[in-house]
Amino acid sequence: MDSETTTLLQGTLDLLILKSLVTGERHGLGVSRRIHQITGQTFHVKPGSLFPALHRMEEEGWISSFWGESENNRRAKYYRLTKAGRKQLEAETKRWGRISWAIAQALETA
Amino acid sequence: MPLHTKARSFFRNLFSVRRQEEDLDREVREHLEMLADENIRAGMPPEAARRAARMELGGVEMVKEQVRDERMGQWIRSVFSDCRYGARQLRKNPGTTAIMVFTLALAIGATTAIFSVVYGVLLRPLPYAEPDRIMAIFEVNTRGTWSRLADPNFDDFRDQNHSFQAIAKYTDTIASVSGASQPTRTVVASITPDFFKVFGVQPIIGREFSADEAKKGAAPVVLASYGYWKQYLGASRDLSRSHLKIDNEDYSVIGVLPDGFQFPSDVGLWVPADLGGENRSRTSHNYSAVGRLRDGVSIAQANADISAIARRIHDTSSEQNDYLLMDGAVVPLQDSITGKARPALLILLGAVGFLLLVACANVANLLLAQASVRERELAVRSALGAARGRLIRQFLTEAFLLSLLGGGFGILGAYAGVAGLVGLAPENLPRLESVSISMPVLAFALLLSTAVAAGLGAFTAVRATSGDLRKALVEGGRGQASSQGGQRIGRMIVAAQIAITLVLVIGAGLLGRSLMKVLEVNPGFRVDKIVTMDISLPWVEDPKAKASQGIFFSKLLERLKQIPGVRNVGATSGLPMDGGLPEGMFMLMTQNEVPKDFAGFEPLVRQKQRIGNADFCVATDGYFQVLGIPLIQGRLFDERDGADSPHVAVISQSLAHDRWPGQDPIGHTIEFGNMDGDLRLLTIVGIVGDVHEYGLDAPPRPTVYVNLFQRPSAAITVTMLSDANTQLVTSAARGILQELNPEVPARFRTFSQIYSASLGSRKFNLILIGFFGIAALLLATAGVFGVMAYSVSRRTREIGVRVALGAGSGDVLRMILGQGLGTILIGIVIGFAGSLALTRTVESLLFGVTATDPVTFAGVILLLVAVGLLACYIPARRATRVDPLVALRYE
């Protein structure tokens, strides 16, 4: 909570969630913490954005959910990537690569 | 993205709401606990850890709502919940709801039923290929009258035009047909070869006739309609042995047309038109004509084309008289079939639209009254954060529920209504068979209901949510200011209702007075106790064959007179109000002026003083007696007038006046051979009273009557004046005909049937507009009553104060009635102006009254004021009984 909150770009939240689930299934808090970690403490996803995104992505079929036990014996809803989710991640990664490359180019040529 | 996953989520969202909600709630709560756990592990005291967790989460309910918003089908769920809420509102006031639904059902049902007739008759495309390319073609003569085509003119149109890919002439007659399973009177159309090409149809069995088979002297062939083939030809696919006797002539059946092809209407058989050769006259208009436009040719181009040919004919023809064409006209076939019915149907549609408006106004008023009761509820919802848009949506949803309910019942009602309309419709309404509740009509009803819903919903929503809702809350739901605005609107609506109702009732009044005026007309004949029998013998030209038909008729009439109860028997070639008589040009001439042949007539035709115009009617002396047509001068036909004695004629009074003004026509001789091919002169022996041949609302036409026994006509109607039971007379007459000639089919009717059918369209229009007028009047009365009763209940306290300060019950009564009268009068003034502008559209349906008939206007205005005041009186009476003590404690 000490990190600055950077506003997420439209569409990047999905990418980050998908990415955070590559290494295995996680519950909501786990996803949030993982994103915090892999973005070098840049992004902190609040539950108000996280849960709607998770539910939407589940409806899209990219992730699936099940009830499991958390580390300290709480029942928690876990999410994991589906096949469609992996494909989506690939596509999103490529797209993001193109965008960031293009933006970097633009900034350099100036 | 897999569609089935989406669909699964969609349905889960809609239907397993509870489990989903539980899941969501648990997930978010667990999340909160885990956050707290985390904080505790980081060393926070439990209390602070929990608070920090809650801070980070930002509210369990809010997160849940955000998730719900994200779900698929969310909007549907909120619509469902609006609907549930709306339905609850409607159930809360079952009485009002029932009234509103009934009102809407009545109006939507009536509108849908009328629209189904308008659609079936006027709009539904004709059931042929590319029907908008099929045109009807007419001649236009020097007087501007449109008529059918003369043979040589048709030939010129056909050969010289550049606009039509196919063009054909046709006419139809009722003929006696035998040789099939039973002798019938069947509509037989005579057509030229391209007829079926114009309509884009081909025989389903057999073939069309060739150009050679259509020429003079060819072996007669006939094509059958699908219906005739099924019913009378045993639906046999082998036509080689099918022969029919049409008017005693032998025809081979060579083809059958597809099911549903029926042109001209009711046709059973088609035969080639010119087997007997063409009529060389350019002024004998015996055929209608149709054509299919070439691709890319517009109607205007076709008109110009035909027009040019017509003018060329006019300029070069030797037959220069009033009947010669001087122009041509091309109109879409559909318009030419339905043209006459169009104005009346559109007027009916307009009238029912007015009824719909009055009904909607009533419902709007009821909804407004409800909304003002709900002001407090709205204020609470608004205070709890409901956006205005959300409240408006709620009103729209309720209006939609109402309108769809009303529309649903209305469509059910329309099914019954259409059946009733078709039964009620006059026989001469074309295309009645295509009137039904079809898909386009249903779509119309749905659209109408939706439009009504949108209108009502938007109106009430904007009205109800426009005030300052918080003020309503402060005033404890008894907001005087906004409710006074509401009442003003209510009164405006009622004034509008009165205005529209006035227009409708005045329209109905004008039609009603027209019918009364029509019924006052003396038709010139008796109607009741007359049984008629239509028979047609084969058409013959040979004088001997004709004479034997005359003998047959005289035998038949003699035998019919013997039927017990039959007082007198006559016969005619055409009954009044039953389709009309042929009209033609006769010539005054003496015996030694008669030319040898038709060519000799041409120079005489140009001598105007010889020419007269009249309807040509074949009759017996008994016909005048049976119908009670009075003899005014001279004598009727009698025994002196045998087949070989000099031919005689009786003329109608108006002809005597017009053609022989100030003279005695008796003893004059006329030539009228162009009607029946008999060139013998006719000596005028008598004058009879005028007959309204074409209906009571049409002036009587000059008529020449000739003697059936001297000039037999193949198709006649026998009239029997009888005191006996119609059934008995009919079966006796049928037996006698059977005995004399079993090959001749007959049709029996009563003259009063024919007579009342002639008033059919007038009654139809009057019944419908009258019904709409009465319905509108009742609705408007209810509207006045509702608004006044509401106003009185709102003003209870004020009235109490007035009474406490000394106002008498007369004062209160006057005050309330005065207020009501004000509203009514505003409506009357607007309606009066509207009527002046709109009744002109019904002018074509009126008879004997003008569109601004002062009697009707005054009567209807008085009626409306009286009914309106009566509606105000009950609430006003209630106001006078207000007890000031109770009223002041009322709040």
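Convention: sequence-line order gives letters A, B, ...; per-chain numbering from 1.
Within 6.0 Å of CZ in Phe459(B) there are more than 12 heavy atoms belonging to other residues, nucleotides or ligands. More than 12 non-hydrogen atoms from other residues, nucleotides or ligands lie less than 6.0 angstrom from CD of Gln37(A). The neighbour count for Arg74(A) CZ, taken as heavy atoms of other residues, nucleotides or ligands under 6.0 Å away, is above 12.
Between Glu30(B) and Arg75(A), none of the side-chain N atoms (NZ, or NE/NH1/NH2) sits under 4.0 Å from a carboxylate O, so this pair counts as no salt bridge.
With a 4.5 Å cut-off on side-chain heavy atoms, Arg26(B) and Lys77(A) do not count as touching.
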Subject >> Stepwise side chain to side chain donor-acceptor pair (under 3.5 Å) check, Gln20(B) with His55(A) >> reply: CA-CA 11 Å; Gln20(B) 277 229 312; His55(A) 282 257; 5.9 Å; no
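With a 4.5 angstrom heavy-atom cutoff, Leu24(B) touches chain A only via side-chain atoms. For chain A, no part of Arg29(B) is nearby; none of its heavy atoms comes within less than 4.5 Å. With a 4.5 Å cut-off on non-hydrogen atoms, Glu33(B) touches chain A through its backbone and its side chain both.
Here the NE2-CD distance, from His27(A) to Glu27(B), works out to 11.0 Å after rounding to the nearest 0.5 Å. A distance of 6.5 Å separates OG of Ser32(A) from CD of Glu56(B), quoted to the nearest 0.5 Å.
Residues Pro52(A) and Val67(B) share a closest heavy-atom pair of N-CG2, 3.6 Å.
Under the ring pair (Phe, Tyr, Trp, His ring centres under 6.0 Å) criterion, Phe51(A) pairs with His31(B), not counting sequence neighbours.
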